K.L.:
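One structure, as structure tokens, below. Some questions next.
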Amino acid sequence: MTDWTVEDSKTLYGISNWGAPYFNINSKGNVTVDVPEKGNPVDLKEIIDDLKANGIQTPVLMRFPDILSSRIKLLNRCFQRAMTDYGYTGKYRGVFPVKVNQQKHLVEDLVKFGEQTGLGLECGSKPELIIAITKMKYTDGLILCNGFKDRDYIETALLATKLGRDVIIVVDRKSELDIILQVAKELEIKPTIGLRAKLSTRSAGRWVESTGHKSKFGLTPFEMVECVERLKAEDMQDSLQLIHFHLGSQIPSILSIKASLKEGTRFFTELYNLGVTPKYIDVGGGLGVDYDGSGSTESSTNYSEQEYANDVVYTIKSICDEKKVPHPDIITESGRSLVAHSSVLVFDVLGCNNFDSVESHDFKPQPTDHQILRDLYDISEGLSLKTLNEGYNDLKQIRADILQLFTYGVLNLEQRAIAERLIFNISSRMRKLIRNEEDFADILYELDSFLCDSYFCNFSVFQSLPDSWAVDQIFPILPIMRHKEHPDRRAIIVDLTCDSDGKVNRFIDSETYEVKSTLEVHSLKPNEPYYIGAFLAGAYQEILGDLHNLFGDTNAVHIHISENGGYTIDHIVQGDSMSDVLSYVEYNPEEFVVSLNEDCMNGISKGTLTEDQAALLMKRFKTSLFSSTYLGS
Ligand code: PLP
């Protein structure tokens, strides 16, 4: 097909469904990144070429701080608009949960852009608290302390208030209240306390277990009443300033958000009934990201950010009005929605396996050949649209039989090889025959996945897209280049790890919004790099990523989009070297060098290698230790 256009690519990959307004494809056929505030898109392929020219290899994680800034502004705008529209008298207080991405430069950017709107930070552990206290210097952002807490955590949180930080310690488990009160008494610091409610309303999505009476965190109604009584007994009920609940992450449906909000807000108004007057309601995270543009799957959302803000504000307002309780300041802990769009992982394709051009080598069965080979020959010879259905069913059965026959020693390796050649050859001819035949759509789908290419890619799923493996999260994945050309191949993405799970074979079909098992890609050209991007990768992936096969962090770059359409690279964060990952698993790279040197000396003295060979081996070894864990170009 020669008349393929950029518009065809946009439709095929559904880029405006999941990527607007940040990602698009330009007239050169390359993917671009933009923010509405700037309006001058930058070309991802050109950036990768520049990075390569400057020695920065793929895989590379590209972070776009301008997108972060745009997301912070967007959420604020949505809540301000909803509050104005509904006559809400409380304020909006956005808070970023540090656990979603703790990377230093990202947190620094968030607080830089967040200062204007008073973006706060939520922490779920002591190290995250240290990040929050040291990185957020302005006073109008809240620091929320969630998660399991010990004395140290609480002491640090309380003492930070003496530096002017606005810290709220949220009681996730009833026993924490005792420690908070005791430490506060000893330090003579009045704490600001929140209570996390355990909601019974069942949420939706992959993280439904965050709600319900067996959820890990939060107080049951009777524990909450006991906490209030305890605070009253200490005459500290005015310390209780916040009610928090969290519905789970990536909630696909607005209806379940609304249902949980109603229950959560009732906890808030009931505190007034118990004689306490909290100022904040913290609705937690959960605002989803539309990873596939469908509006109907767990990787998507059936609501916009504005609808989310409207529903949060409206629900809280109507219940508070009904119960004659003042409108609280609304805190959201949206993490995914703030940072997912800001990172794109770009990796290169190292090579491919394809099965649809396998020749049958003009095989003609002999009377001595096994019946199964003769059957295959007959299917091959008689192949036509008329025989296709029956032939395809027979072929599937034969595929299964061949394995059995080989395993039990009936077919030898040569016979199995002939059979498999025929199977691939017949399958690809079948596929060609039915490519445009609607009646054979099911068979076409199966043949596409059977015959698809494997594109071997320079990255690790476990390190860079762990949710794709762990929870079947769909990420938008597409080539970042050649969109003026027809993507003539279908492939699964296979990573570098020696793990059969190290692949991506779930993509969104932008026409049907069904999950498809292969991605349309271009044939590889000799000596021409081919780059693929995994988009919306800024939330959770970096920190959940692991060192499977010792593939470490990729290089990361921070790219600032300039007003004039250019860009600047603000930071380059070198990925892990081999020496780094080896030391993570307790090896001492220097000991390796000493040990190998000793072996070389012994080899030289025994005459098994020359001095030149030893010198070359040592040189390669030392360079490797300080180079990337990924493959070089
Ligand atoms: N707040 C709490 C208490 C959480 O546990 C989480 C993550 O699950 C979040 C906020 C962030 O959620 P999300 O990234 O879906 O906005």
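Below, each value reflects all heavy atoms present in this structure, side chains not excepted, and no hydrogens, waters or symmetry copies. These figures come from a predicted structure and were not determined experimentally. Order of listing sets the numbers, starting from 1, for every ligand and every atom in it.
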K.L.:
Could you say whether the N/O atoms of Lys99 and ligand 1 ever approach to under 3.5 Å?
P.N.:
yes
K.L.:
What about Tyr272 and Phe268, are their ring centers closer than 6.0 Å?
P.N.:
yes
K.L.:
Return yes when Pro97 approaches ligand 1 closer than 4.0 angstrom through a heavy atom, no otherwise.
P.N.:
yes
K.L.:
Is there side-chain contact between Pro476 and Phe23, with heavy atoms separated by less than 4.5 Å?
P.N.:
no
K.L.:
Using salt bridge (Lys or Arg N to Asp or Glu O under 4.0 Å), reason through Arg151 and Glu186 one step at a time and then give a plain yes or no.
P.N.:
CA-CA 11 Å; Arg151 220 190 137 84; Glu186 284 167 23; 2.2 Å; yes
K.L.:
As an exercise, identify every atom of ligand 1 less than 4.0 angstrom from a heavy atom of Ser334.
P.N.:
16 (O)
K.L.:
Check whether any heavy atom of Phe217 sits under 4.0 Å from an atom of ligand 1.
P.N.:
no
K.L.:
Taking both backbone and side-chain atoms of Ser249, is any N or O found less than 3.5 Å from an N or O belonging to ligand 1?
P.N.:
yes
K.L.:
I want to know whether Tyr291 and Phe475 have ring centres closer than 6.0 Å.
P.N.:
yes
K.L.:
Side chains of Ile508 and Tyr513: closer than 4.5 Å at any heavy-atom pair?
P.N.:
yes
K.L.:
Check each atom of ligand 1 against the heavy atoms of Gly286 and keep those under 4.0 Å away; list them by number with element.
P.N.:
12 (O), 13 (P), 15 (O), 16 (O)
K.L.:
Identify which one of His571, Lys135, Gln103, His558 satisfies the side-chain hydrogen bond (donor to acceptor under 3.5 Å, both in side chains) criterion when paired with Glu108.
P.N.:
Lys135
K.L.:
Taking the six-membered ring for Trp, are the ring centroids of Tyr630 and Phe551 within less than 6.0 Å of each other?
P.N.:
yes
K.L.:
Pull out every atom of ligand 1 sitting under 4.0 Å from any heavy atom of Gly335, numbered as shown with elements.
P.N.:
13 (P), 14 (O), 16 (O)
K.L.:
So if I count the atoms of ligand 1 from 1 in the order they appear, which ones are less than 4.0 Å from some heavy atom of Arg336?
P.N.:
13 (P), 14 (O), 16 (O)
K.L.:
Does an N or O from Asn146, backbone or side chain, lie closer than 3.5 Å to an N or O of ligand 1?
P.N.:
no
K.L.:
Would Phe217 and Phe148 count as a close aromatic pair, with their ring centres under 6.0 Å?
P.N.:
yes
K.L.:
For the 3.5 Å polar cut-off, considering only N or O atoms, please tell me whether Glu333 and ligand 1 meet it.
P.N.:
yes
K.L.:
Which ligand 1 atoms does Gln250 reach within 4.0 Å, using its non-hydrogen atoms?
P.N.:
15 (O)
K.L.:
Do any heavy atoms of Ser337 fall under 4.0 Å from ligand 1?
P.N.:
no
K.L.:
Passes side-chain hydrogen bond (donor to acceptor under 3.5 Å, both in side chains), His327 versus Asp321? Steps please.
P.N.:
CA-CA 8 Å; His327 299 169; Asp321 286 351; 2.7 Å; yes
K.L.:
Would you mind running through ligand 1 and noting each atom that sits below 4.0 Å from a heavy atom of Arg196?
P.N.:
3 (C)
